[in-house]
Undergrad: 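The structure's right below; bear with me while I get my questions together.
Labels below follow one simple rule: chain letters A, B, ... track the order of the sequence lines, proteins then strands, and each chain is numbered from 1.
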Amino acid sequence: MVQIRILVNCALPYANGPLHIGHIAGAYLGADVFVRYNRLIGNEVLYVSGSDEYGTPITVRAEKEGRSPKEIADIYYEEHLRTFENLNINFDIFMRTTWPEHSENAQEFFLKLLNEGYIEKGTMIAPFCRKIGRFMPDRYIEGTCPYCHYPKARGDQCDNCGRTLDPQDLIDPKCILSGETPEFRETEHFFLRLDLLEEKLKSWISTKTYWKPNVLAYTQNFISGGLKKRPITRDIDWGVRIPLDGYDTKRIYVWFEALIGYITGAREYSKRIGNPDLWKEYYFDPEVRNYYFIGKDNIPFHALIWPAMLMGYGGFNLPYDIPANEYLTFKGQQFSKSRGIGYSVDDLLKAVPADYLRYYVASILPETGDSDFSLEELVSTVNSDLIDKYGNLVYRIVSFIDKYGLTLDPVDVNGDEEFQYARRSFESWLDDLSGVHVKRALSRWLDLAIYANGFFNRSEPWKTVKNDRQKLNHDLYLSLKITEFLTVMAYPYIPSSAIKIWDILGIPFSIDSSYSHLYEMHGFSVHRGSIPFEKIDLEAVSSKLNN
RNA sequence: GGGGAUGUAGCUCAGCUAGGCAGAGCGCCUGGCUCAUAACCAGGUGGUCGUCGGUUCAAACCCGGCCAUCCCCA
């Protein structure tokens, strides 16, 4: 396979609360498996994410807790960084939108789009609190919902009926800080001229026949309704400054600036490794594929607005694929720490090893539709698939060899049906992963593990050890070879466990370089050691989660 | 209010692009095996494919209505 370069960007998590397992299933785990797969087959990957730290939800929270917005962002930046590390999700860089370098990039981007005519000045109507003396973000206005008459609807959304609102729609609107009735005044803002790019976007989207159906359908429908100018600045003070005189009380709105964080991340990474122009190869070489891993809530931003911004700027690679996942739910409901639904990643990691969690979540990844997380399923999937089918396979082969003190000679098994079966499984696995079918690729792996156990049983080494040493050597060697395939295929999903098993199998090259050696015959210096995986128990897991 | 998805075995999910005998894993039952972590293998059990209608020789799949759930937007 020809080595290629790939850019993998993952949605920037909002630094306003802990990461829950729904976030991981929506974007990060699939990305991490995809990145590890690409590196395994020799591709060069730049893997970027970061912390989205501006915007009103953070200021609302900060005010509630009596802290500064920056303090809130600091807390969750550190926490997210640690959570990802603990889950073995290792970005090349995890940037922050509050870095000064990011403000510079966002401002430069803003000015370029302004010069190109894709950003223009305009006015909008916004709530102004006379008592406080400034325009208030939509979230700071509360009133009665005009649809369901819920009395505490926010200016941007009603928490009761879920409808998105405009503060002007509210019955009897009040400023939540002063309690005053706001005045709706005209205010000057900047707008992104999505309308100017509509035709260009349409023809670009029409080439994306390989996108996931949900992403494509959503995007096409969104665009067929016609694109409108969209405000990209707000009357707030927590955000990137507008790089023009006379706008001190306004900031660039978070969604516009956060998307540019991908570029900031790539640039800062390039600086850090002493190759400051490296990022350009990923963004300007048209041969490089740019992937964006996001949850379904983020589709319009990545499939339309971000491409529009990149087109408006000119020269940048547009997204190659946006493999947006649906949602992982908990008992049918969306995960939410604040509403106490489901578990945070940190909680789960107190109860189970990272690889177990990665394995289970990968096996239910919501690639085609929402899927449901449960502790019972976590325990039973890990125990019966990962540990019984695969871990036990490794252990039974190694134990057998150890028990009889065998030394195996390498033999040519290329012509064997079983070897060809493993090879076909591996090739299907490669195909699936190159198309970002992370869950399907894992089920290929499980099929092969079941097949390998069947072969071990059929070959009856406990009989041949007594009467046919040549067949014994051949069959055990073949079992080990299939297990080698399995371990390579497991590696992107459960990296630390796969490395451990690689060591148990005693394969004479590293797992990172295994791709070029897979079809070669070589010795195995297996060593038994302890069992590769400890099983988990529902009660123990629950009690660790609840204390 | 508009839109995107989802609904298939007791559980978690494939299958739908291109209509052709309803699938996998788990669970459960029976048998086998001993290298193994009550493991593994073989066989079996189990479904009105949300629902109502339409197209068709033939519909889980295509079309329309309805219901439920998740998500997005004015």
Undergrad: Measure from the ring centre of F456(A) to the centre of the six-membered ring in the base of C40(B), then say whether that distance is under 5.5 Å and the planes meet at under 30°.
TA: no
Undergrad: Do R185(A) and F128(A) meet the cation-pi criteria used here (NZ or CZ under 6.0 Å from the six-membered ring centre, within 45° of the axis)?
TA: yes
Undergrad: Salt bridge between R440(A) and D431(A), side-chain N to carboxylate O under 4.0 Å?
TA: no
Undergrad: With rounding to whole Å, what would you report as the distance between G54(B) and C13(B) at their P atoms?
TA: 33 Å
Undergrad: State plainly whether the residues D537(A) and K535(A) are in salt-bridge range, i.e. N to O under 4.0 Å.
TA: no
Undergrad: Could you tell me which residues satisfy salt bridge (charged side-chain N to carboxylate O under 4.0 Å, His left out) with R154(A), sequence neighbours excluded, listed by chain and number?
TA: D156(A), D159(A)
Undergrad: Categorize I364(A) for me: base, sugar-phosphate, or nothing, with a 4.0 angstrom heavy-atom threshold over every strand shown.
TA: sugar-phosphate
Undergrad: Nearest to the side chain of S380(A), heavy atoms from C-beta on, is which of U34(B), U37(B), C26(B)?
TA: C26(B)
Undergrad: Starting at CD of E326(A) and ending at C1' of C71(B), how long is that distance when rounded to a whole Å?
TA: 7 Å
Undergrad: Under a 3.5 Å limit for both distances, which nucleotide forms a Watson-Crick or G-U wobble pair with A42(B), could you say?
TA: U30(B)
Undergrad: Taking the P atom of each, how far is A14(B) from A9(B), in whole Å?
TA: 12 Å
Undergrad: Using both distances under 3.5 Å as the test, list the Watson-Crick or G-U wobble partner of U48(B), or none.
TA: none
Undergrad: Strictly by Watson-Crick or wobble contacts shorter than 3.5 Å, is anything paired with U69(B), and which nucleotide is it?
TA: A5(B)
Undergrad: Within the structure shown, what part of the strands sits under 4.0 Å from T381(A) by heavy-atom distance: base, sugar-phosphate, or nothing?
TA: nothing
Undergrad: Take atom CD1 of I450(A) and atom P of G23(B), then tell me their distance rounded to the nearest Å.
TA: 17 Å
Undergrad: What nucleotide, of U37(B), C72(B), C13(B), holds the atom closest to the side chain of K439(A)?
TA: C13(B)
Undergrad: Does OP1 or OP2 of G4(B) have a side-chain N or O of K296(A) closer than 4.0 Å?
TA: no
Undergrad: Within the pair K403(A) and C35(B), is there a side-chain N or O less than 4.0 Å away from OP1 or OP2?
TA: yes
Undergrad: With nearest nucleotide decided by heavy atoms, which residue, S371(A) or S384(A), maps closer to the 5′ end of RNA chain B?
TA: S371(A)
Undergrad: Looking only at heavy atoms, which two atoms of A303(A) and T219(A) are closest? And how far apart?
TA: CB-OG1, 3.4 Å
Undergrad: Measuring only the P atom in each nucleotide, how far is G7(B) from U45(B)? A whole number of Å is fine.
TA: 26 Å
Undergrad: Rounded to whole angstrom, note down the P distance from G20(B) over to C16(B).
TA: 9 Å
Undergrad: So what does T368(A) touch, heavy atoms closer than 4.0 Å: a base, only the sugar-phosphate, or nothing?
TA: sugar-phosphate
Undergrad: Mind listing the residues from residues 188-206 of chain A sitting with a heavy atom below 4.0 Å of RNA chain B? Number order is fine.
TA: none
Undergrad: How far, in whole Å, is C71(B) from U56(B) if one measures between their C1' atoms?
TA: 35 Å
Undergrad: Rounding to an integer number of angstrom, what distance separates G1(B) and A58(B) when you compare their C1' atoms?
TA: 40 Å
Undergrad: Give the nucleotide from the list C35(B), G25(B), C11(B) with an atom nearest to the side chain of D385(A).
TA: G25(B)
Undergrad: Rounded to whole Å, how long is the line connecting atom CG of L393(A) with atom C1' of A36(B)?
TA: 10 Å
Undergrad: C40(B), OP1 or OP2 - any side-chain N/O from K389(A) closer than 4.0 Å?
TA: yes
Undergrad: Taking the side chain as C-beta and beyond, is there a heavy-atom pair between T97(A) and S51(A) under 4.5 Å?
TA: no
Undergrad: Below 4.0 angstrom from OP1 or OP2 of C13(B), is there any side-chain N or O of S363(A)?
TA: no
Undergrad: May I ask you to decide if G22(A)'s main-chain N or O and H20(A)'s side chain share a donor-acceptor pair within less than 3.5 Å?
TA: yes
Undergrad: C35(B) P sits how many Å from I482(A) CD1, rounded?
TA: 20 Å
Undergrad: Please report, rounded to the nearest Å, how far the C1' atom of C35(B) is from the CG atom of D475(A).
TA: 13 Å
Undergrad: Which value, in whole Å, describes the distance between the P atoms of nucleotides A38(B) and G43(B)?
TA: 24 Å
Undergrad: Hey, does the Lys NZ or Arg CZ of R358(A) hover above the aromatic six-ring of Y493(A), less than 6.0 Å from the centre and inside 45° of the axis?
TA: no
Undergrad: Counting distance only, does the side-chain N/O of S49(A) pair as donor-acceptor with the main-chain N or O of C10(A) below 3.5 Å?
TA: yes
Undergrad: Find the distance K229(A):NZ to C73(B):P and express it as a whole number of Å.
TA: 21 Å
Undergrad: How close or far is atom P of A5(B) from atom OH of Y327(A), stated in whole angstroms?
TA: 16 Å
Undergrad: Answer with base, sugar-phosphate or nothing: what part of the nucleic acid does I401(A) contact at a heavy-atom distance below 4.0 Å?
TA: nothing
Undergrad: Under 4.0 Å from OP1 or OP2 of C35(B): is there any side-chain N or O of Y404(A) that close?
TA: yes
Undergrad: Without swapping roles, check the side chain of Y356(A) against the backbone of L386(A) for a donor-acceptor pair under 3.5 Å.
TA: no
Undergrad: Rounded to whole angstrom, note down the P distance from C28(B) over to C73(B).
TA: 44 Å
Undergrad: Could you tell me the separation between the CG atom of D138(A) and the P atom of C73(B), rounded to a whole number of Å?
TA: 13 Å
